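So you know, we letter chains A, B, ... as the sequences are listed, proteins then strands, and number each from 1. Predicted model, so just to flag it, every value in this text is computed and none were measured.
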Amino acid sequence: MMEKRYNPKIAEEKWQTFWEKKGYFSPRPGKKGKFFSMVMPPPNITGILHMGHAFNMTLQDIIVRFKRMQGYETLWVPGIDHAGIATQNVVERELQKEGLTRQKLGRKEFVRRVWEWKEKYGERIFHQMRRLGVSCSWEDKAFTMDEAHSKAVREVFVRLYEEGYIYRGNYIINWCPRCQTALSDIEVEYEEVEGKLYYIRYPFADDDKNYVVVATTRPETMLGDVAVAVNPDDERYKKFKGRKLVLPLVKRILPLIFDNYVDPDFGTGALKVTPAHDGEDFQIGKRHNLPLVNIFNKDATINEKGGIYKGLDRYECRKVIVEDLRKSGYLEKIEDYVYRLGKCYRCGTVVEPYLSTQWFVRMKELAEDAIRVVKEGKIEFYPDYWKRSYFDWLEKIHDWCISRQIWWGHRLPVWYCQDCGETVVARTDPAVCRCGSSNLKQEEDVLDTWFSSSLWPFSTLGWPDVGEKFKKFYPTSLLCSGWDILFFWVARMVMMGVKFTGDVPFRKVHIHPLIGDEKGEKMSKSKGNVIDPLDMMEKYGTDAFRFSLVALKTDAPYLKFSEERVKGYRNFANKVWNASRFVLMNLEDFSPSEQDISSFDLCLFDRWILSRYAKVVKEVTKNLDNFRFPQAAQEIYQFIWGDFCDWYLELVKPRLKGELSQRKLSQSILYKVLKGSLKLLHPFMPFITEEIFQLLPGKEKESIMISDWPEERLIEDRETERKMALFMEVVTQIRTVRAEMGIPPQKEIRVLLRPKKNESAGILRENISYIKTLVKGEQIIVDSVAKKPGVCASAIAGDVDIFVPLEGVLDVKKEKERIGKLIADTEKELVRCKARLSSEDFLKKAPPEVVAKEKEKNMQLAEKIEKLKKRMEDLSEI
RNA sequence: GCGGGGUUAGCUCAGUGGGAGAGCGCUUGCCUUACAAGCAAGAGGUCGUUGGUUCGAGUCCAGCACCCCGCACCA
């Protein structure tokens with residue numbers, strides 16, 4: 001016997017185990033030629049399941065379950081990312097507890113410790129994912145550092161190198177002094193800060209009474225200054241051409257140079273040039289052949305080039321230098337100034353533009369191809385507007401710095417011959433150099449984590465080997481990702497996919513929001529607004545949690561998650577449970593084989609619920625096809641609660657108790673609609689739907705997971721819908737009047753209904769017993785004879801207690817008039833539209849997109865007229 | 001500065017040219033045999049603003065205001 005309340009805990013454990021044991025998650029032969037595949041955005045091995053993962057995976061799981069039920073052979077590849085810097089940081093923190101550092105351990109031992117850590121905790125998240133009910137193919141599990149993937153990484157690196165896409169160079173890059181590694185452009189997060197702008201006097205070499213004032217936000221970098229630049233058109237400075245300046249404190253002689261880059265309107269119009277510590281200054285330095293003075297150590301302390309400031313941290317140094325400048329009269333003034341400060345996306349430390357030798361990927365061509373495939377429609381974006389960001393980024397892309405000075409990751413397959421100096425790049429570790437020397441030293445750097453992630457869609461399918469799996473499932477069908485990694489990951493996958501497989505990595509991309517708190521703010525530990533998905537599942541059940549994630553989704557960047565919503569959907573789960581409980585109680589003497597609904601004599605409500613059911617099947621399917629999750633969720637919610645439970649179940653009660661043929665008929669419909677609804681709901685709420693499905697009589701399949709997705713041709717039964725609307729109106733009116741008069745529900749009263757139209761009276765008379773069921777206790781008189789509003793014989797005679805005139809019921813004549821006018825208007829518009837399209841003048845002069853739009857409008861209008869005419873016919877039948 | 005998204009009920013949001021909607025909250029009445037995690041009734045909106053297209057605009061177009069986000073730049 002089913003409990004009065006749904007208990008998620010028992011069901012969840014049971015079915016997750018059952019599904020896995022049956023192997024439903026792995027690809028199973030589907031309908032011929034129908035394949036569906038996805039790769040999961042791999043969580044970091046340091047990760048535990050957070051709201052973002054839960055959301056992203058729920059969306060994917062919904063689609064996968066949906067496709068599986070539709071008969072696709074599905075593959076959803078789960079995996080984890082080695083997450084270079086993030087993981088290294090975590091393990092280093094662990095070591096710290098033991099009083100160790102990675103330097104003390106040495107590279108080899110440190111990497112061994114990371115692997116150990118990975119073995120221990122790396123798959124924690126998989127266990128947590130299971131609770132969420134994700135149905136990914138565990139046996140296809142991948143890891144970015146496993147052998148197969150590493151092979152792909154090498155192949156790609158070597159080919160890119162051989163084809164000239166990869167080069168090594170000494171440039172200004174973003175340096176994180178804490179992680180002590182280079183970062184790519186997008187690994188820096190900018191934040192507005194209220195800082196200071198320091199104005200410093202640089203005296204002339206030949207005249208220490210006069211000076212040029214420069215402005216800077218980073219005074220400590222003056223130690224690396226090699227020139228002062230001004231705009232060649234700046235009248236203030238033209239006269240100083242050829243003069244030299246003295247760098248305060250350091251006393252280095254600086255040339256005054258002229259460069260168009262300098263904006264005369266900013267600050268004093270004079271710019272201190274520090275080529276080793278600023279990207280733009282580096283360019284100026286190159287143009288003017290200036291020396292590079294690097295003043296920082298790797299940890300952003302001052303090195304020996306900083307003279308007496310050596311050893312100071314950059315911010316200490318700033319303080320000291322400002323003080324020294326003030327003391328010696330070089331400091332003109334300090335202003336408050338708001339500027340953007342770049343921080344490391346992994347540790348939040350302020351990055352330093354830093355000169356170093358790094359490896360880069362030339363991006364331009366790759367980006368062009370990535371733009372092209374999307375423009376050609378080979379990849380569709382949902383929602384479509386994300387394409388704009390994608391294009392914008394790719395169009396102004398910079399070369400990608402791919403080398404990292406950390407130990408955890410794919411070491412570059414690059415060796416330097418210690419004898420001849422040759423650089424060897426190879427797929428397999430070389431034993432000797434071309435010169436015959438075996439004295440080869442491998443590059444110390446590892447690759448950016450995102451380098452390996454960008455190969456994910458094909459490396460997980462076995463590439464560079466092109467096996468059966470690859471042939472069947474590549475390109476993948478869909479990629480689901482948050483917008484935050486559109487550039488980090490999605491765009492790069494497209495570039496790599498196109499370059500190395502000659503095809504796109506996925507046909508569709510669904511870009512979804514991130515999860516915020518109830519105010520729409522990013523969840524973070526420091527804000528203390530983090531919600532643990534495991535908590536939610538524990539408290540309200542996984543199904544309710546999943547449903548609330550999906551029903552909440554909007555186009556805002558952060559969706560507002562609140563526990564209240566989860567509670568609401570927990571109630572919905574319970575509603576489903578209880579409705580099913582009721583149906584099952586009445587299905588004990590029923591076996592599904594007996595049923596053939598079309599052979600029964602269906603009454604109004606049966607036809608209505610079947611019509612509504614057909615509609616909801618169509619809508620849920622359509623919305624899922626377009627990744628409109630909240631709309632799909634709302635449709636099924638509305639149908640189950642608002643239509644099936646509130647109306648149909650109530651209406652069917654008396655018939656279940658009535659004569660046998662009626663009972664059988666009702667059972668058939670209940671069975672059909674409940675089973676179908678459970679299937680529609682299953683992708684959203686996998687556990688409860690399985691639990692109930694298993695209790696249904698006459699097992700269709702051994703699991704709802706592998707049952708067939710409902711396919712209903714929509715029966716546009718307008719007449720039924722209209723009649724039902726009338727019926728609902730009557731019931732509502734009686735309830736209202738009764739409530740207004742304060743009549744308690746126990747008391748039997750006499751009600752007179754006076755419908756406006758004779759045909760309405762007919763419907764009411766037919767269904768009078770149901771009206772009585774829904775509005776309990778009433779004795780109802782239907783008086784269709786009374787002609788004048790508000791007057792009727794029974795009412796005057798005092799034979800009734802309340803009198804219910806039916807307002808708001810569809811007035812057929814008026815409706816016909818309305819539709820008639822609409823048709824006329826639309827036809828006129830169509831004529832005008834056609835006239836425009838046949839006018840040569842218009843076709844010549846109007847831009848092509850306007851013409852296309854006009855043509856589309858033409859079609860739409862024609863369609864609309866058809867629809868309206870059909871509606872008119874329906875009305876005429878009454 | 002460039003680009004994107006948004007503005008509809010107290011809150012969160014649906015709404016793809018023709019009847020202003022849902023959930024939550026609120027008020028009122030009900031333990032009516034599936035469900036009080038429930039049922040029923042109700043209050044509550046000049047759809048940001050100004051124009052335009054249209055027979056007709058919450059919906060399409062343009063401008064404006066405000067909010068959010070991304071990218072770029074200023075030393």
Novice: Can you tell me how far P of A37(B) sits from CD of Glu563(A), to the nearest Å?
Specialist: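 So the CD-P distance, Glu563(A) to A37(B), works out to 16 Å.
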
Novice: Sticking with atom P, work out how far A41(B) lies from U46(B), rounded to a whole angstrom.
Specialist: 25 Å

Novice: Of the non-hydrogen atoms in Val620(A) and Ala632(A), which two are nearest, and what is the gap between them?
Specialist: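 Heavy atoms of Val620(A) and Ala632(A) come nearest at CG2-O, 3.9 Å.
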
Novice: Heavy atoms only, 4.0 Å cut-off, all strands: where does Ser389(A) land among base, sugar-phosphate and nothing?
Specialist: nothing

Novice: Which residue in the set Val262(A), Leu256(A), Leu247(A) passes side chain to side chain contact (heavy atoms under 4.5 Å, CB included) when paired with Val228(A)?
Specialist: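 The side chain to side chain contact (heavy atoms under 4.5 Å, CB included) with Val228(A) is passed solely by Leu256(A) among Val262(A), Leu256(A), Leu247(A).
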
Novice: Let's see if you can work this out: which of C68(B), G15(B), C55(B) has an atom nearest to the side-chain heavy atoms of Asp825(A)?
Specialist: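 The listed nucleotide nearest to Asp825(A)'s side chain is C55(B).
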
Novice: Can you identify which nucleotide, out of G3(B), C35(B), C69(B), has its nearest atom closest to the Asp392(A) side chain?
Specialist: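 Nearest to the side chain of Asp392(A) among the choices is G3(B).
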
Novice: Is it the case that Glu729(A) and Gln733(A) place a side-chain donor and acceptor less than 3.5 Å from each other?
Specialist: yes

Novice: Expressed as a whole number of Å, how far does the P atom of A22(B) sit from that of C39(B)?
Specialist: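 Between the two P atoms, the distance is 15 Å.
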
Novice: Between G42(B) and G4(B), how far apart are the two P atoms, rounded to whole Å?
Specialist: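 Looking at atom P only, G42(B) and G4(B) are 45 Å apart.
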
Novice: Is Arg201(A) paired with Glu332(A) through a side-chain N to carboxylate O contact shorter than 4.0 Å?
Specialist: yes

Novice: Which label fits Tyr637(A) and Trp641(A): parallel for a plane angle under 30°, tilted from 30 to 60°, or perpendicular past 60°?
Specialist: tilted

Novice: Between Lys4(A) and Thr732(A), which is nearer to the 5' end of RNA chain B once each is assigned its nearest nucleotide?
Specialist: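 Taking each residue's closest nucleotide, the earlier one in sequence belongs to Lys4(A).
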
Novice: Which residues pass the ring-ring contact (aromatic ring centres under 6.0 Å, His included) test with Tyr261(A), not counting sequence neighbours?
Specialist: none

Novice: Taking the side chain of Lys653(A) as its heavy atoms from C-beta onward, which of A34(B), C68(B), C55(B) lies nearest to it?
Specialist: A34(B)

Novice: In whole Å, measure the gap between the P atoms of G25(B) and A62(B) for me.
Specialist: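 Taking atom P in both G25(B) and A62(B), they lie 41 Å apart.
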
Novice: Starting from the 5' end of RNA chain B, give me the residue, Asn578(A) or Glu829(A), whose nearest nucleotide shows up first.
Specialist: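 Mapping each residue to its closest nucleotide by heavy atoms, the 5'-most match is Asn578(A).
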
Novice: Nearest to the Phe487(A) side chain among A40(B), G70(B), G15(B), which nucleotide is it?
Specialist: G70(B)

Novice: Measure from the side chain of Val262(A), starting at C-beta and using heavy atoms only, and say which of A75(B), C71(B), C68(B) lies closest.
Specialist: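 Given the options A75(B), C71(B), C68(B), the side chain of Val262(A) is closest to A75(B).
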
Novice: When you get a sec, tell me which of A34(B), G70(B), C74(B) is the closest nucleotide to the side chain of Leu649(A)?
Specialist: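 Nearest to the side chain of Leu649(A) among the choices is A34(B).
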
Novice: So, are Arg565(A) and Glu563(A) salt-bridged, with charged N and O less than 4.0 Å apart?
Specialist: no

Novice: Between A75(B), C69(B), A14(B), which nucleotide gets closest to the side-chain atoms of Asp263(A)?
Specialist: A75(B)

Novice: Would you indicate which nucleotide in G4(B), C69(B), A41(B) comes nearest to any side-chain atom of Pro557(A)?
Specialist: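 Nearest to the side chain of Pro557(A) among the choices is C69(B).
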
Novice: Is it true that the side chains of Lys560(A) and Ser562(A) contain a donor and an acceptor less than 3.5 Å apart?
Specialist: no

Novice: Would you tabulate the nitrogen or oxygen pairs shorter than 3.5 Å linking the protein to nucleotides 19-28 of chain B?
Specialist:
| unit_1 | atom_1 | unit_2 | atom_2 | d |
| --- | --- | --- | --- | --- |
| G19(B) | OP1 | Arg818(A) | NH1 | 3.0 |

Novice: Is the charged tip of Lys333(A) near the ring of Tyr199(A): under 6.0 Å from the six-membered ring centre and within 45° of its axis?
Specialist: yes

Novice: Once pairs are restricted to Watson-Crick or G-U wobble with both distances under 3.5 Å, how does RNA chain B read as a dot-bracket string, [ ] for crossings and | for other-strand pairs?
Specialist: ((((((((.[[[[.)..(..]]]].(((((.......))))).....[[[[[..)....]]]]])))))))....

Novice: Can you sort out which residues in residues 330-340 of chain A have a heavy atom within less than 4.0 Å of RNA chain B? Ascending by number, please.
Specialist: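 Correct list: Tyr337(A), Arg340(A).
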
Novice: Which nucleotide in the list A34(B), G70(B), A75(B) gets nearest to the side chain of Trp483(A)?
Specialist: G70(B)

Novice: Examine Arg340(A) relative to Tyr190(A) and say whether NZ or CZ is less than 6.0 Å from the centre of the six-membered ring and inside a 45° cone about the ring axis.
Specialist: yes

Novice: Choose from A34(B), C71(B), A41(B) the nucleotide whose nearest atom is closest to any side-chain atom of Lys396(A).
Specialist: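 Looking only at side-chain atoms, Lys396(A) lies closest to C71(B).
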
Novice: When the distance from NZ of Lys522(A) to P of C68(B) is rounded to whole Å, what number comes out?
Specialist: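 Lys522(A) atom NZ is separated from C68(B) atom P by 16 Å.
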
Novice: Only pairs at least two apart or in different chains count here, so list each side-chain hydrogen bond (donor to acceptor under 3.5 Å, both in side chains) that has a residue in residues 390-399 of chain A.
Specialist: Tyr167(A)-Asp399(A)

Novice: Among all residues two or more places apart in sequence or in another chain, which pass the ring-ring contact (aromatic ring centres under 6.0 Å, His included) test with Tyr198(A)?
Specialist: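 For Tyr198(A), no residue satisfies ring-ring contact (aromatic ring centres under 6.0 Å, His included) once neighbours in sequence are set aside.
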
Novice: Between U54(B) and C64(B), how many Å separate the two P atoms, rounded to a whole number?
Specialist: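 Looking at atom P only, U54(B) and C64(B) are 23 Å apart.
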
Novice: Assess the pair Phe488(A) and Tyr345(A): is the distance between their ring centroids shorter than 6.0 Å?
Specialist: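 Between Phe488(A) and Tyr345(A), the centre distance is under 6.0 Å.
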
